[in-house]
There are 2 protein chains.
Amino acid sequence: MAIGRSPSVKDVAASAGVSLGTVSNVMNRPEVVSPATRERVERAMAELGFVRNESARQLRAGTSRTLAYVMLEGSNPFFHDVAAGIEMAAEDSDLSLFICNSNGRSGREEVHLDRLMQQRVQGILITPVDPGARHLADIARRGIPVVIVDRVGESGAFCSVAVDDVLGGRIAVEHLVEQGHSRVAVIGGPESIGQVRERLEGARQVWAELGMKPDDLTYLPTAEMTVAEGRSAGERLAGLPARRRPTAAFCANDLLALGLLQQAIGAGLRIPEELAIVGFDDIEFAAAAAVPLTSVRQPRQELGRAAAGLVLDEATNPAHEHQQLTFVPELVARASTVARPRAY
Amino acid sequence: MAIGRSPSVKDVAASAGVSLGTVSNVMNRPEVVSPATRERVERAMAELGFVRNESARQLRAGTSRTLAYVMLEGSNPFFHDVAAGIEMAAEDSDLSLFICNSNGRSGREEVHLDRLMQQRVQGILITPVDPGARHLADIARRGIPVVIVDRVGESGAFCSVAVDDVLGGRIAVEHLVEQGHSRVAVIGGPESIGQVRERLEGARQVWAELGMKPDDLTYLPTAEMTVAEGRSAGERLAGLPARRRPTAAFCANDLLALGLLQQAIGAGLRIPEELAIVGFDDIEFAAAAAVPLTSVRQPRQELGRAAAGLVLDEATNPAHEHQQLTFVPELVARASTVARPRAY
DNA sequence: GCGTGGGGTTGAAATGTTTCAGCCGTCGAT
DNA sequence: ATCGACGGCTGAAACATTTCAACCCCACGC
């Protein structure tokens, strides 16, 4: 088989003895072409190994059959789960999905967005470094559907999908208090991250409402939301005088919680007796930890799916109105906060 | 700002009072156009908010500025690390990267590949469900560069990049024997996976060479390479009569190892004293486990980078020859096999 | 027999970019 | 003065597809 340039509709048409338009019809409106011709055309396509040229279709159509997700941190499985949800939805609409990763850097984010505009993607889903960034608004102003995932766009200029982070903070700390803890640490940062602020806020709210002493809720800031930072927070925690040391920690995500867990176990602490730990996100590795991690679950795939739904609505429905979808987080209690008799 | 269709080179040309060709030159060969005109054109582009239409470029060029990676299992971070390596390389060549996920199903893999052909991607990197699959060969025959990642294509019809899995099995088991173990389990499966076979093979080789009793190397097959299967393997292990029970396990990947670790710790075993564990891949969560996991490291990002290099070579270099790149795996010893005094 | 309707097919236009041969002046060399 | 070269710019062709008005022919109704 000669491997020249790949055959086009023209070649197929010639080989089947019909016109271009007919070949196109066979692909796009098979019902209008007679069975006999259709069959002939299909055979020709198979023989020549015809493959549609997507760029030509796109050029004609003015838009590509592609969505894009710009994730915030490739190293956090949470975002991959969101991406998986998006991909399912994309698949259902027969669209491709571009997955990009800004790695938390605004510069890379901008580069990706630029490329995506050139690709004329149908819509962009993004967990942005900064939801208020100029370049996001610019894109939306161009008429490209943009949906913020796992953050809430302040301006209302976009749709967004997120969980109620304040509530998430509340149920985490409420759970710890229910388990009898009266000194709790909240670990996360930097505070420039909206989620961190809101989860902390929720924690403080419920702490006050339950009548706990304000000083007994300690906020331990971190520089990032990584396993390593979780470990280092554990060391800081261990350094506190015993009488003031929290007996439980609420971490703003699971990576921090896993790091803290590792450090605590390494230091010989019994979990949850000497230190109880709650994470956030409920990534798969939370359940897989040596001491399975209690975590505030976000419906990760659902988040992605819903976001994709919104972006598609905006792309296709002229009457679309921006909306802010909020999901309800849910506490998944496991051994890192609840001691259970174990079979030995 | 009116949001009609986005402006084209034609609009820019009109606005700047030059011809299409000149606008194109400003973008592609700025040095051939006089500074004055260039400046005028650039201003016009900025004013109109001109964004290149990538599909038109592609149509003209006959190929897209895009690579693709079809990963095997989205739930295994290993593949995301490989993808990250590919993305860096793509970035260096100013290419976009499509990331797809076959989730271990041949059908999805085929759907993805089909789409990628339609997109006229420059090259395809893939960790295939089955390296011998017909559809892979078909694509290569069409002249599209294909590189197999983390598997070796039997036929030599493609380039491939992988680590020496036999060697990986050898160093894992060698390490365990060095640590004084004389009964070892190898956990992994199904055996249809090439890696599993080769890692097991390496384990058996070195076991024999070191003069250990063949019966003391137990192979525990699993149905998948997941955390859950790791746990269940742990239960089977615990069910063996004490005198025959292995004191160490070599798992064919880290997910299995983490599952096993969790099960063992839950059952009250001390690690590594009562059970030593070695994983494979050295994903980030291996180091983050409660008992940090000894693992056979694959240079994950390097794998991706090298694969991208090969695919680009095949795409651009007429004198390209297929090659099978093999990396050397490396043992990273941690607490799951080596007891160290700990500071309490 | 004539008009009508409609199923099936055609041919050309349109999409946005790049490339390339060619054109127009100007400047330097002969 | 003429030629050549060259910098700077133009205009048209080419890429593969989709769409749409137009067309042909046949059957059917009057």
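Convention: sequence-line order gives letters A, B, ...; per-chain numbering from 1. All values below come from the heavy atoms of this structure, side chains included, with hydrogens, waters and symmetry mates left out.
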With sequence neighbours excluded, tell me which residues meet side-chain contact (heavy atoms from CB on, under 4.5 Å) with [X].
X	answer
B/Leu20	B/Lys10, B/Ala13
A/Ser93	A/Leu95, A/Leu312
A/Ser34	A/Ala36, A/Thr37

Do we see a donor-acceptor contact under 3.5 Å between the side chains of [X] and [Y]?
X	Y	result
B/Arg120	A/Ser6	yes
B/Asp81	B/Gln298	no
B/Arg115	A/Ser96	yes

Within residues 8-15 of chain A, find the residues that approach DNA chain C with a heavy atom at under 4.0 Å, and present them sorted by residue number. none
All side-chain hydrogen bond (donor to acceptor under 3.5 Å, both in side chains) counterparts of A/Arg65, not counting sequence neighbours: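 Scan of A/Arg65 (side-chain hydrogen bond (donor to acceptor under 3.5 Å, both in side chains), adjacent residues dropped) gives none.
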Under the side-chain hydrogen bond (donor to acceptor under 3.5 Å, both in side chains) test, which residues partner B/Arg108, sequence neighbours left out?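 side-chain hydrogen bond (donor to acceptor under 3.5 Å, both in side chains) list for B/Arg108, sorted by chain: A/Glu91, B/His112.
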Any side-chain heavy atom of A/Leu325 sitting closer than 4.5 Å to one from A/Gln323?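 Yes; the side chains approach each other to less than 4.5 Å.
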Would you work out how much the helix from C/dG1-D/dC30 to C/dT30-D/dA1 bends between its ends, with each end axis defined by five base pairs, to 10 degrees? 60°
Is the distance from OP1 or OP2 of C/dT15 to the nearest side-chain N or O of A/Arg57 less than 4.0 Å?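 The answer is no; no side-chain N or O of A/Arg57 sits under 4.0 Å from OP1 or OP2.
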Report yes if at least one side-chain N or O of A/Asn53 is closer than 4.0 Å to OP1 or OP2 of D/dT17; otherwise report no. no
Atom [atom1] of [X] and atom [atom2] of [N]: how far apart are they, to the nearest Å?
X	N	atom1	atom2	answer
B/Met45	C/dG16	CE	P	17 Å
A/Leu59	C/dT18	CG	P	12 Å
A/Met27	D/dT19	CE	P	10 Å
B/Glu54	D/dA16	CD	P	17 Å

Does A/Arg29 reach a base, just sugar-phosphate, or nothing at all? Heavy atoms under 4.0 Å. sugar-phosphate
Nucleotides 23-28 of chain D: protein proximity per nucleotide (B base, S sugar-phosphate only, - neither; heavy atom, under 4.0 Å): ------
For a quick check, with a 4.0 angstrom heavy-atom cut-off, what is the B/S/- contact string for nucleotides 8-14 of chain D, read 5' to 3'? -SBB--B
Side-chain donor-acceptor pairs of residues 121-135 of chain B under 3.5 Å, sequence neighbours excluded:
| from | atom 1 | to | atom 2 | distance (Å) |
| --- | --- | --- | --- | --- |
| B/Gln122 | NE2 | B/Ser64 | O | 3.4 |
| B/Thr127 | OG1 | B/Tyr69 | OH | 2.8 |
| B/Thr127 | OG1 | B/Val149 | O | 3.1 |
| B/Asp130 | OD1 | B/Gly132 | N | 2.8 |
| B/His135 | NE2 | B/Glu109 | OE2 | 2.9 |

Between A/Glu39 and A/Arg43, is there a salt bridge with N-O shorter than 4.0 Å?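 Answer for the salt bridge query: yes.
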Contacts of type ring-ring contact (aromatic ring centres under 6.0 Å, His included), residue A/His322, not counting sequence neighbours: A/His320
Among all residues two or more places apart in sequence or in another chain, which pass the ring-ring contact (aromatic ring centres under 6.0 Å, His included) test with B/Phe98?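 Applying ring-ring contact (aromatic ring centres under 6.0 Å, His included) to B/Phe98 gives A/Phe98.
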